[in-house]
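Right, one structure below, let's go through it.
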Amino acid sequence: MSGLDQNQHLYPSCRDKTTVCSDSSDTHDLAKQPLQGLKLASHAVLEEAQKKGRLKCSKCGGSRMFFCYTCCTLVGVSLQEIPVIKLPVKIDIIKHPNETDGKSTAIHAKILAPGDVTIYTYPCIPEFEKDKVVLVFPGPGAVSVQDMMQCLRDRSNSRTRDSSDEPCIKRLRSEGVQGATHTAENPDEAKGSESKVHPLQRVVFIDSTWNQTNKISTDERLQDLLQVELKMRKTCFWRRQKGKPDTYLATIEAIYYFLKDFHEHCLTPGYDGEYDNLLFFYSYLHTVINKAKTSAGKC
């Protein structure tokens with residue numbers, strides 16, 4: 001799930017040899033299939049920023065292009081010039097401590113959906129309501145997005161039946177619910193919000209190279225979460241990890257495809273590009289990098 005190396009991303013002489021295409025058909029497929037038909041904000045602002053070159057981050061002083069992956073701030077681009085997206089659920093990203101910030105596409109999600117995305121560095125993991133949270137990660141027990149909601153309801157119903165045999169103290173109406181992600185003064189508003197995403201409230205993603213994911217995915221704090229797998233999606237990431245299947249997605253790809261599938265199968269009306277701008281930076285860099293590699297004869 002590793003992401004972009006900002007020190008390489010605009011240069012045709014990048015060091016990552018795993019992205020070199022083996023034949024012309026691979027190049028054609030890479031260019032033709034991914035990221036087509038997206039409803040994106042104009043990339044003109046990124047084109048202008050690219051012409052200015054790398055600039056210093058106002059906070060840390062690091063040399064950056066478009067954004068600072070250390071400070072989660074824009075560089076050479078203003079907030080008013082990029083899309084800001086509202087997501088239907090909260091996103092928690094657990095980042096491996098050895099994952100280089102400049103190689104992570106998770107920062108794209110944080111910048112483009114700042115109100116709904118939180119990045120934690122392992123071993124820091126927040127507490128979760130197990131029946132309202134899923135972990136997007138492949139595995140033998142993982143379910144599809146289509147089956148996810150029913151599985152969550154079944155889990156919730158099972159726990160309710162188990163707890164109904166024991167006496168409980170009725171909660172006062174004025175008491176808050178621990179772990180709630182939405183509070184509404186208007187009961188109708190609260191009901192509407194719950195019906196839209198219930199029982200799902202949060203989605204967890206692991207941000208690391210695939211060889212480093214085991215330590216996080218097997219952490220006992222994540223073991224009770226329902227695992228969801230995006231089985232039919234393929235990566236178009238320019239830094240494919242050698243020996244890994246093309247269904248292993250970059251972090252921003254996994255977030256985007258999960259939300260798109262979630263919207264199509266669990267929300268109404270049908271999907272109409274609501275989250276396409278999560279790929280605002282990713283799609284632009286994909287085009288620039290592959291054009292540079294083609295010009296340099298790398299593909």
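- No donor-acceptor distance shorter than 3.5 angstrom exists from the side chain of Thr121 to the backbone of Lys95, with no hydrogens or angles considered.
- Note on Leu79: it clusters hydrophobically with Leu278, by side-chain heavy-atom contacts below 4.5 Å among ILVMFWY residues.
- No side-chain heavy atom of Tyr120 sits under 4.5 Å from any side-chain heavy atom of Ile93.
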**OP:** Could you give me the CA-CA distance, side-chain angles and deciding distance for Leu249 and Phe237, then say whether side-chain contact (heavy atoms from CB on, under 4.5 Å) is met?
**Re:** CA-CA 8 Å; Leu249 305 174; Phe237 191 41; over 6 Å; no
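- Contact annotation: the side chain of Val203 never approaches that of Asp92 to less than 4.5 Å [non-hydrogen atoms, C-beta and beyond].
- In the hydrophobic clustering of ILVMFWY residues, with side-chain heavy atoms under 4.5 Å counting as a link, Met65 and Val75 come out apart.
- Cluster membership check: Val45 does not share its hydrophobic cluster with Leu55, using side-chain heavy-atom separations under 4.5 Å among Ile, Leu, Val, Met, Phe, Trp and Tyr.
- In this structure, His96 and Ser208 approach most closely via the heavy-atom pair CB-CB, 3.4 Å.
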**OP:** Tell me, with the steps shown, if Lys291 and Thr287 meet side-chain contact (heavy atoms from CB on, under 4.5 Å).
**Re:** CA-CA 6 Å; Lys291 282 184 178 179; Thr287 300; 3.6 Å; yes
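- When all heavy atoms of Arg155 and Asp131 are compared, the closest pair comes out as CB-OD1, 4.0 Å.
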Subject >> Trace of the side-chain hydrogen bond (donor to acceptor under 3.5 Å, both in side chains) decision for Glu47 with Tyr284 >> reply: CA-CA 9 Å; Glu47 294 169 356; Tyr284 180 74; 5.3 Å; no
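- Classified by interplanar angle (parallel below 30°, tilted 30° to 60°, perpendicular above 60°), the ring pair Tyr271/Tyr275 is tilted.
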**OP:** Could you please spell out the steps behind the salt bridge (Lys or Arg N to Asp or Glu O under 4.0 Å) verdict for Asp276 and Lys260?
**Re:** CA-CA 8 Å; Asp276 284 8; Lys260 183 178 180 182; 5.7 Å; no
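- Between Phe128 and Leu222 the shortest side-chain heavy-atom distance falls below 4.5 Å.
- Leu226 is not listed as a side-chain neighbour of Leu135, based on a closest heavy-atom distance of 4.5 Å or more.
- Taking the side chain as every heavy atom from C-beta outward, Tyr122 and Lys215 approach each other to under 4.5 Å.
- Proximity of Asn277 to Leu112: side-chain heavy atoms (C-beta onward) are nowhere separated by under 4.5 Å.
- Of the candidates His43, His108, His286, Phe280 forms a ring-ring contact (aromatic ring centres under 6.0 Å, His included) with just one, namely His43.
- Side chains of Arg64 and Thr70: a donor-acceptor N/O pair is present below 3.5 angstrom, by distance only.
- The backbone N or O of Val143 lies less than 3.5 Å from no partner atom in the side chain of Asp147, so there is not a single donor-acceptor pair.
- Counting heavy atoms from C-beta outward, Asp261 and Leu230 have side chains that approach closer than 4.5 Å.
- Remark: the backbone N or O of Leu152 is not paired with any side-chain donor or acceptor of Ser156 at under 3.5 angstrom.
- No continuous path of ILVMFWY side-chain contacts below 4.5 Å connects Met232 to Phe137, so the two sit in separate hydrophobic clusters.
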Subject >> Test log, rule side-chain contact (heavy atoms from CB on, under 4.5 Å), inputs Ser144 and Val228 >> reply: CA-CA 6 Å; Ser144 66; Val228 177; over 6 Å; no
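- A continuous path of hydrophobic side-chain contacts links Leu35 to Phe281 [ILVMFWY only; heavy atoms under 4.5 Å].
- Looking only at atom types and distance, the side chain of Asp154 has a donor-acceptor partner in the side chain of Gln150 under 3.5 Å away.
- Closest approach of Ala49 to Val77, counting heavy atoms only: CB-CG2, 3.8 Å.
- Residues Val288 and Gln50 approach most closely at CG2-OE1, 4.0 Å, considering heavy atoms.
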**OP:** Go through the steps for Lys59 and Thr73 under the test side-chain contact (heavy atoms from CB on, under 4.5 Å), then give the verdict.
**Re:** CA-CA 8 Å; Lys59 290 187 176 182; Thr73 57; 3.5 Å; yes
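- Among Lys90, Arg202, Lys110, the single residue meeting the salt bridge (Lys or Arg N to Asp or Glu O under 4.0 Å) criterion with Asp116 is Lys90.
- Closest heavy-atom contact between Ala106 and Ile119: O-CD1, 4.0 Å.
- Under 3.5 Å, the side chains of Ser104 and Asp101 contain no donor-acceptor pair of N or O atoms.
- Heavy-atom minimum distance, Val145 versus Phe258: CG2-CD1, 4.0 Å.
- Looking at Val204 and Val136, their side chains never come closer than 4.5 Å, going by heavy atoms from C-beta outward.
- Between Tyr282 and Tyr256, the gap from one ring centroid to the other reaches at least 6.0 Å.
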